[in-house]
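None of these values were measured; they are calculated from a predicted model. Here is how names work: the chains are called A, B, and so on, in the same order as the sequence lines, proteins then strands, and each is numbered from 1.
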There are 2 protein chains.
Amino acid sequence: MPDDVASPTADQLRLYDQVAGHIARLVEQGTLRPGDRIPSVRRMSGQMSVSLSTVTHAYRLLESRGLIEARPKSGYFVRDTAIRVPPPPKASRSNIRPLRVNVSQLSRRLHDVLASPEVIKLGAVVPDVELLPMQRINRLLMQTLQRFPEMGHRYDIPMGHAPLRHEIARRMIDAGAEVAPDEIVTTTGASEAVYLALHAALRPGDTVAVESPSYFGILEKLETTGIRAIEVACDPEVGVDVDAIERLAQEGRIQGAVVVANFNNPLGCRMPDDAKRRLVEVMCQHQLPLIEDDIFGELHFDSGMRPKALKAFDRDGFVLYCSSFSKTISPGLRVGWCAPGVYQDRFVQAKIAINPAGSIAMQAAAAKYLETAGYDLHLRRLRRTLHERTRKVASSVYEYFPEETRATAPQGGQVLWVELPRGFDSVQLFEEAAQRNISVAPGVLFSPGDRFRNFVRLNCAIQSSERVEQAIIELGRLAKRQLTT
Amino acid sequence: MPDDVASPTADQLRLYDQVAGHIARLVEQGTLRPGDRIPSVRRMSGQMSVSLSTVTHAYRLLESRGLIEARPKSGYFVRDTAIRVPPPPKASRSNIRPLRVNVSQLSRRLHDVLASPEVIKLGAVVPDVELLPMQRINRLLMQTLQRFPEMGHRYDIPMGHAPLRHEIARRMIDAGAEVAPDEIVTTTGASEAVYLALHAALRPGDTVAVESPSYFGILEKLETTGIRAIEVACDPEVGVDVDAIERLAQEGRIQGAVVVANFNNPLGCRMPDDAKRRLVEVMCQHQLPLIEDDIFGELHFDSGMRPKALKAFDRDGFVLYCSSFSKTISPGLRVGWCAPGVYQDRFVQAKIAINPAGSIAMQAAAAKYLETAGYDLHLRRLRRTLHERTRKVASSVYEYFPEETRATAPQGGQVLWVELPRGFDSVQLFEEAAQRNISVAPGVLFSPGDRFRNFVRLNCAIQSSERVEQAIIELGRLAKRQLTT
């Protein structure tokens, strides 16, 4: 792996942030105004006594956050459209007490609200169909049916459709993971992959480390399998606290971990490579399963390569890598997969017992699509759009939510994690908003320990229409009303 | 429910068998030869002192078994093609000891053998694609994609696609079950439906009554959920022993039951209506879940209406009815469903946690197909073909297997359950056959208690080609060799 494509270390990231923060403050203070040229890379490097490469990275970061823009042969300028967004929430803390999960009732309620076709789906993580290559997928599916009319009517083998597994293996090279097609098992979406991974690698009564906050889909699976969770501190910039997980493993308090290293849902943060490497080393050293949900791995907002997966550092096979195409190609494909490492036999046995066959037609269409060059082009567009929409939602939150509101500056994915003042009840907001056909995901869903009651998660991938802005205005109004009564 | 479409009682069935057996013996002894006219209904009624209706039923039974045929205005004749089939196996016995299930390793081995494209799939329960309405389904799927290009790319709601649930509710009227669309939850196949039903209604450590023999797909699910099984006596003609289940329920030895009332896999038997009613009453009285797998319910061999489901007798909601279209329309649809009765909330919660969304496109195509009249016509053809092929396989088994071989005379479904002499090892046969690219399902798979080692299950739905007959000849040769060494 050449150096120039390696991800930055935590130290480097901190340095980039220092430089970027300096520029951002100059803009905030009005020293630099929209349209102004900002100091050249060379000049800033001298000013702040950092390398040219560090400044370059920092400027790219600011560019990806939409604060500045590069103009060919002229340098970097403050964007005319520079938008103001809320400051980020603070990092969470660890709590070493294993907790029984109990989120399914509220999750069911959220699903019920989302089932209404009229509701604005700020509470889900659904990509706007307009952003998906649906015409292309439909055509590929029709071609498959016409050319191989019988193929889609057979039972699939438990490992899944071989041509798709080949394409997935090819794509996983970009994530730094060398996995053979025979080490991949396809599933009906990432959700089933994570469930089967838990089923294969852990037992009821076990305890796993989870990020705090953690996607409620993962917490529900823990609840349904009778696995307990320990909430581990998570920084909205660099992700989960690996030292804390190491201590838990050393003390024998956990039997595994479930981590979304690339763009934690809801934080949108990305673990630096050295943290990823250390986490995998810790888990392998203690021979504990590390379930990785990488469903957002290809939806990074910077212009570089996609971030590495935890699986990239897995020499001993203790990482069960799970993903799907539901956020990148189409949720309708129902195609996900797992590279279960040393747990492969038990994973396949669980799949056979629970849901042995996937749809061959859908898998074949997905494989065809991945073969073409169109996927990378589509991803580039999708990332840009998701990034823009996320910034737009953050800007609306800044404008319409109560003054003390904080929000993440996600590095990828498609959600915004919004913190309201302490004492705010997002479940109340959820119910009040539901009556107005607006859905939000209340923060308590993301914790087994009743944390984050004053947070909401907002989906940014839906149509960036006036209706969405109206919804955010309405949410802000409801939030303000709650805070003043 | 008028009397004339009610299913016969066990006593009536015994009477039919008596009359039918009398005629069959006359044919076997050569008293009646192919082409001979058999005694008229009136005459036989007098001879055997039974009602006209009993003789009519018995003759229909013989007709459905292919021994005689009706010629318009002339009466019944011994068929020219009258084939000889092995005598049926005896009923199994109950064993009230709860057993931990342990079939998944052998099942995995069977799946591995079946994964080879060259292997003759006598060991699976796959319908020959030639028997399926695949062109029609492909066209409907393409029409759906063209007319509603976006529909298939959304996340489905947890309950499943509403138009499909409506069509399923309509079809379930034929099974005698009045279930509203909102009491139906679609799943990815019947396999997932049964798994979710177990997950919703039972806990690890619970014990359920199962038929002996019982489909290994069900046993695997018990194994993976940590539920134990009690094997209950099963008659190859009338199914499971309801008295035995009643005693187990009374004594508090079981927390539920899983029953395939229509065409037990592998026996192919059908429970009479009064036994079904009694079984449901017993379970409801003790408030125990009764999981019904009715995947073969529409594949009856007689010319009457489809048999009633257990669900038809369920007034209190303790039956979790599971089925799919994998054996009737296409395994490739991956569309099944459950009507979970009083367990619906827990069923939906389990679905949300494990695999919340199905394919809308596939469900929409299935719904469109069910709307058309073509499905019933297709089913009539399919039943006739499955019945013919089942008889053909039975005839080949009679001809080529060791002399003492017994085999079921299935009343529906698509498999034959073949009993070899005591001491025969069907796992050895399975391995020897696998080396010759022939798959069979060894009998031990169908029992948690190592029963049925001298049985094999044969799939009869695959192409009735010379290659299949060659495979049966080869299996017979291997079986004879094992018995003589």
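Taking each heavy atom of B/A365 and B/L140 in turn, the nearest pair found is O-CD1, 4.0 Å. Looking at every heavy atom in both residues, A/H378 comes nearest to A/L132 through CE1-CA, 4.2 Å. Between B/S326 and B/P127 the shortest heavy-atom distance is O-CG, 3.6 Å. Across all their heavy atoms, A/A461 and A/Q414 have their closest contact at CB-NE2, 3.3 Å.
For the set B/L145, B/I354, B/N355, the count of heavy-atom pairs under 4.5 angstrom toward chain A peaks at B/I354. In terms of heavy-atom pairs under 4.5 angstrom with chain A, the leader among B/R154, B/M151, B/R139 is B/R154. When each of A/M362, A/M134, A/E130 is checked for heavy-atom pairs under 4.5 Å with chain B, A/M134 comes out on top. Ranked by heavy-atom pairs under 4.5 Å with chain B, the list A/H153, A/Q349, A/R334, A/E192 is led by A/H153. Ranked by heavy-atom pairs under 4.5 Å with chain B, the first of A/A193, A/G152, A/A350, A/A357 is A/A357. Interface check for chain A: of the options B/G217, B/G226, B/G358, the most heavy-atom pairs under 4.5 Å are formed by B/G358. Comparing A/A115, A/A124, A/S191 by how many heavy-atom pairs each has under 4.5 Å with chain B, the most go to A/S191. When the candidates B/I352, B/V126, B/D156 are compared by the number of heavy-atom contacts under 4.5 Å with chain A, B/I352 comes out ahead. When the candidates A/L141, A/N138, A/I157, A/L219 are compared by the number of heavy-atom contacts under 4.5 Å with chain B, A/N138 comes out ahead.
Using a 4.5 Å cut-off between heavy atoms, A/D345 contacts chain B through both its backbone and its side chain. Of the two parts of B/I360, neither the backbone nor the side chain holds a non-hydrogen atom closer than 4.5 Å to a non-hydrogen atom of chain A. Of the two parts of B/P158, only the side chain, counted from C-beta on, holds a non-hydrogen atom closer than 4.5 Å to a non-hydrogen atom of chain A. Heavy atoms closer than 4.5 Å to chain A are found nowhere in B/D112, neither backbone nor side chain. Contacts between B/Q135 and chain A at a heavy-atom distance below 4.5 Å involve the side chain alone, from C-beta outward. Contacts between B/V125 and chain A at a heavy-atom distance below 4.5 Å involve the backbone alone (N, CA, C, O). The contact between B/A361 and chain A is made entirely by side chain atoms (from C-beta outward), counting heavy-atom distances below 4.5 Å. Residue contact with chain A, scored on non-hydrogen atoms closer than 4.5 Å, is absent for B/E223.
In this structure, B/D206 contributes its side chain and B/V208 its backbone to no donor-acceptor pair below 3.5 Å.
Note that the CG atom of A/L370 and the NE2 atom of A/H166 stand 11.0 Å from one another [nearest 0.5 Å].
Between B/S107 and B/E220, the side chains place a donor N or O and an acceptor N or O closer than 3.5 Å (distance only, hydrogens not considered). Residues B/T225 and B/H199 bring no donor and acceptor atom of their side chains to less than 3.5 Å of each other.
Counting non-hydrogen atoms of neighbouring residues, nucleotides and ligands closer than 6.0 angstrom, the CD atom of B/Q143 exceeds 12 such neighbours.
Between B/R165 and B/D182, at least one side-chain N (NZ, or NE/NH1/NH2) sits under 4.0 Å from a carboxylate O, which counts as a salt bridge.
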Apply ring pair (Phe, Tyr, Trp, His ring centres under 6.0 Å) to the pair A/Y369 and A/Y375, showing each step before the final yes or no.
-> CA-CA 7 Å; A/Y369 183 66; A/Y375 184 43; 5.6 Å; yes

